[in-house]
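Presented below is the structure to which this report refers.
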Amino acid sequence: MNPQKQSKKIQLKHQHRLIIVVFIPSLDGYYENILEVFKLCLESAIATTNANCAITVVNNASCDEVNTYLQSKLKENVIDTVIHHKENIGKIDALIGAARASREPIITISDVDILFQQGWQKHVEDIFSNIKGVASVSPIPCRNFKNYETSSTLAKILSGKVKFNYKAIPENHDAHNKYLESFHWDLETDKNLKWAVIKSNGVKAIVGSGHQILSMRRELFFSTVPKEPSLTLVGNHSEYLYCDQPINYSGGMRLATYHNYAFHMGNTVEDWMKEVQKNNTLANNDLATDRFQLPKFKPKAPSLMWYKFKKRLTHRLFNLIHGNK
């Protein structure tokens, strides 16, 4: 008899999985500096995650230099999994495929140009653990996304399930402007502009987020995320259809951490980014490895017509009662 048939049930070693998809077909032209950006992304992820979070890198038909680098990291035992695709199957299909093959209850999907900062994992997990009905959390808060696919979040505020207020968070100003600048958006000059803040069980979070890095409940990938492949290399509303809309459609909240714990680097590594990573490595020994308890989360599946009607109504009611700051 196969001895594996007599073994006990596999014990889940991690509760959190971080998935990064990399596509660097060459080291010239548009991709000239992307390998350096990706290395800083992965090194910062390694430095800021504890033993309760495993890292998966999906190599979406990258060049030999990327393959060699990934194999070295796997050999060093600092990442858990590398998935190789011989051909580029598209960003979203690579992400969703890896997510559905993961067993951890929290799955973070990240772009290749994210710089992680010490504390991101803990503060993301604290929100999931302490606030009921959370579908996703980003470690990059942004005031611009309060109304972006957040009707389910606003509905919970209107029903009194979480406390809400507008609050100035001046300590977020510099990091927020770095995020805005990375997309060439207008910068903010007033540090006291107010943020949409919710609070539950003593934990605060910001309403809304972008999708460059999202921590999501695993249940979403088997319920509201489309079953059919995207068949899209990148863009073409694929992030909206496979991440943003499914989060809101599930009835769960779309939140971000109260303070900033990650950065969007873009295509070039700058000196301040290296300084962030230097601080990450200095604090690496302080990472706690406590396991967490998650509240139950059951995604909803309303009719599309009812969902769209409720979405419009919720935004109108919220703006009528709380204003649109």
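Ring orientation note: the planes of Tyr148 and Phe145 are tilted relative to one another, at an angle of 30° to 60°. Ring geometry for Tyr261 versus His123: interplanar angle under 30°, hence parallel rather than tilted (30 to 60°).
Judged purely by atom type and a 3.5 angstrom limit, Asn260 uses its side chain to pair as donor or acceptor with the backbone of Ala262. Looking at Asp113, its side chain never comes within 3.5 Å of a backbone N or O of Met265 through a donor-acceptor pair. Counting only distance, with no hydrogens or angles, the side chain of Tyr166 and the backbone of Gly323 share a donor-acceptor pair below 3.5 Å. At distances below 3.5 Å, at least one donor-acceptor pair connects side-chain atoms of Ser159 with backbone N or O atoms of Lys156. When atom types are taken as modelled, the side chain of Gln15 and the backbone of Phe292 share a donor-acceptor pair closer than 3.5 angstrom. A donor-acceptor pair is defined here as one N or O able to donate and one able to accept, closer than 3.5 Å; no such pair exists between the side chain of Ser110 and the backbone of Ile20. Using a distance-only test at 3.5 Å, with no hydrogens or angles considered, no donor-acceptor pair links the side chain of Gln245 to the main chain of Tyr240. Checking side-chain atoms of Ser62 against main-chain N and O of Val22 turns up a donor-acceptor pair under 3.5 Å. Looking at His176, its side chain does come within 3.5 Å of a backbone N or O of Arg143 through a donor-acceptor pair. No donor-acceptor distance shorter than 3.5 angstrom exists from the side chain of Asn52 to the backbone of Arg291, with no hydrogens or angles considered.
For Lys161, the NZ atom counts as loosely surrounded, since its 6.0 Å shell holds 12 or fewer non-hydrogen atoms of other residues, nucleotides or ligands. For Arg103, the CZ atom counts as loosely surrounded, since its 6.0 Å shell holds 12 or fewer non-hydrogen atoms of other residues, nucleotides or ligands. Other residues, nucleotides and ligands place no more than 12 heavy atoms under 6.0 Å from the NZ atom of Lys278. Enclosure of atom CD in Glu76 by more than 12 non-hydrogen atoms of other residues, nucleotides or ligands within 6.0 angstrom is indicated. Sparse packing is recorded around NZ of Lys132, with 12 or fewer heavy atoms of other residues, nucleotides or ligands lying under 6.0 Å away.
For Asp126 and Lys122, the salt-bridge test passes: some basic side-chain N is under 4.0 Å from an acidic carboxylate O. Look at Glu36 and Lys39 and you find no salt bridge, because none of the NZ, NE, NH1 or NH2 atoms lies under 4.0 Å from a carboxylate O.
Minimum interatomic distance between Leu74 and Asp80 (heavy atoms only, all atoms of both residues): CD1-O, 3.9 Å. The minimum heavy-atom distance linking Arg17 with Ser102 is given by the pair CD-OG, 3.1 Å. Contact record, Leu154 with Val207: CD2-CG1, 4.1 Å, taken as the closest heavy-atom pair. Between Gly252 and Phe297, the shortest heavy-atom distance links the atoms CA-CE1, 3.9 Å. Of all the heavy atoms in Ser129 and Pro295, the pair that sits closest is O-CD, 3.7 Å. Nearest heavy-atom pair across Ile140 and Thr257 is N-OG1, 4.4 Å.
A 4.5 Å side-chain heavy-atom check between Leu233 and Phe23 finds every atom pair outside the cut-off. In this structure, Tyr258 and Lys199 have side chains that are not in contact, with every pair of non-hydrogen atoms separated by 4.5 Å or more. Under the 4.5 Å side-chain criterion, counting only non-hydrogen atoms from C-beta, Trp272 is in contact with Leu115. In this structure, the side chains of Asn59 and Ile83 stay at 4.5 Å or more apart for every pair of heavy atoms. No side-chain heavy atom of Thr232 sits under 4.5 Å from any side-chain heavy atom of Tyr242. Proximity of Ile213 to Pro139: side-chain heavy atoms (C-beta onward) are separated by under 4.5 Å at one or more points. Taking the side chain as every heavy atom from C-beta outward, Asp186 and Leu180 never approach each other to under 4.5 Å. Residues Pro105 and Leu12 meet the side-chain proximity criterion, which asks for heavy atoms closer than 4.5 Å.
Figure legend: cation-pi geometry between Lys204 and Trp195 absent, as NZ or CZ is not positioned both under 6.0 Å from the six-membered ring centre and within 45° of its axis.
Evaluated for a side chain to side chain contact (heavy atoms under 4.5 Å, CB included) with Ser136, the options Leu214, Thr108, Ile107, Leu255 yield exactly one hit, Leu214.
Asn177 and His173 share a side-chain donor-acceptor pair at under 3.5 Å.
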Walk me through whether Phe183 and Gln212 qualify under side-chain contact (heavy atoms from CB on, under 4.5 Å).
CA-CA 12 Å; Phe183 294 104; Gln212 290 73 36; 3.5 Å; yes
The test is side-chain contact (heavy atoms from CB on, under 4.5 Å); show your working for Val37 and Val112 and say whether it passes.
CA-CA 8 Å; Val37 171; Val112 74; 5.6 Å; no
I would like to know whether Gln117 and His259 meet side chain to side chain donor-acceptor pair (under 3.5 Å); could you show each step before the answer?
CA-CA 11 Å; Gln117 182 172 291; His259 291 127; over 6 Å; no
